[in-house]
Amino acid sequence: MFTNPEQFANATKALFEFQLETFNALTNKAVQGVEQVVALNMATAKSQLEGGLAAGKEISQAADPKAAMSLAAAKLQPGVAGANAYNQQLGVIIAEIREEFTRAADAHVAEAKSNLSALIYDVTKNVRPGSENAVQIVKTAIDNAFSGYEQVTKATKQAVQAVEAQIAKASELVEKNTPAAKQS
């Protein structure tokens, strides 16, 4: 069926390596996104701790309970603004991850389709008469491999969308449960 069996083996090996390369690139981007979220969480926690300590010190030095309550109320608004800023920064990180995943996945899908078309052409151009069934089996195997690749890409996009939905839900809860939001 093939003029050189190594030609088919090399082509399928290249397709498999391409899939691994894509998976590694997307995994690296996901890890970078997690690192960004962890850094954001650490910076936010540090800022909140420092702000809370400073506010506690100011409140404890108030002249009377009314002044202490007034200071406490004044310190609440920056906390709400901080939560909104955190949600906004988190949204930016998730949007960047989604954009990178989409761009990488689309580029890799286009390249994989091109490689797949070239592989199918190479396989079918040297077919001996009577080998059509074997060619169909090879085409089916290649199509199945590519379908698996597309499923991984689709699952990755769905995972990013699920994370975005959870962040949106958390943002809604923060906004609902803040006193400033209830007063508005």
Side-chain angles (χ1 to χ4, degrees), residues 10-57 72 74-120 141-184:
N10 289 336
T12 54
K13 180 182 174 190
L15 184 61
F16 179 72
E17 288 173 350
F18 180 71
Q19 290 173 341
L20 286 177
E21 178 186 319
T22 301
F23 180 73
N24 285 337
L26 294 177
T27 301
N28 286 337
K29 186 57 185 175
V31 169
Q32 288 173 357
V34 169
E35 288 173 348
Q36 289 176 320
V37 170
V38 168
L40 175 63
N41 287 341
M42 293 299 291
T44 301
K46 181 180 177 184
S47 173
Q48 291 294 323
L49 182 62
E50 289 171 354
L53 290 174
K57 185 176 179 181
K75 297 295 179 184
L76 186 61
Q77 189 59 34
V80 171
N84 287 337
Y86 171 82
N87 286 334
Q88 198 171 35
Q89 289 174 332
L90 191 58
V92 167
I93 291 169
I94 297 300
E96 286 175 1
I97 292 170
R98 182 189 61 225
E99 182 181 325
E100 186 68 28
F101 268 53
T102 301
R103 186 179 325 124
D106 290 346
H108 286 292
V109 166
E111 189 172 331
K113 282 182 180 178
S114 173
N115 289 347
L116 182 62
S117 295
L119 177 60
I120 290 172
I142 291 170
D143 286 341
N144 288 340
F146 189 70
S147 293
Y149 175 76
E150 285 181 326
Q151 283 298 103
V152 169
T153 303
K154 183 178 177 182
T156 302
K157 287 180 181 180
Q158 288 173 342
V160 170
Q161 289 172 347
V163 169
E164 287 178 327
Q166 291 300 322
I167 289 170
K169 207 181 283 187
S171 295
E172 286 178 27
L173 286 174
V174 167
E175 289 176 12
K176 270 189 206 176
N177 294 320
T178 55
K182 289 178 181 176
Q183 293 173 357
S184 300

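A distance of 9.5 Å separates CG in Asn28 from CD in Glu35, rounded to the nearest 0.5 Å. Rounding to the nearest 0.5 Å gives a distance of 10.5 Å between CD of Glu50 and CD of Gln48. One finds the CD1 atom of Ile94 at 11.5 Å from the CG atom of Asn87 (value rounded to the nearest 0.5 Å).
Closest heavy-atom contact between Ile97 and Lys29: CA-CE, 4.2 Å. Taking each heavy atom of Leu90 and Leu40 in turn, the nearest pair found is N-CD2, 3.7 Å.
Sorted by first then second residue, the salt bridge (charged side-chain N to carboxylate O under 4.0 Å, His left out) pairs that include residues 86-105, not counting sequence neighbours, are Arg98-Glu164, Glu99-Arg103, Glu100-Arg103.
No side-chain heavy atom of Lys57 sits less than 4.5 Å from a side-chain heavy atom of Leu53.
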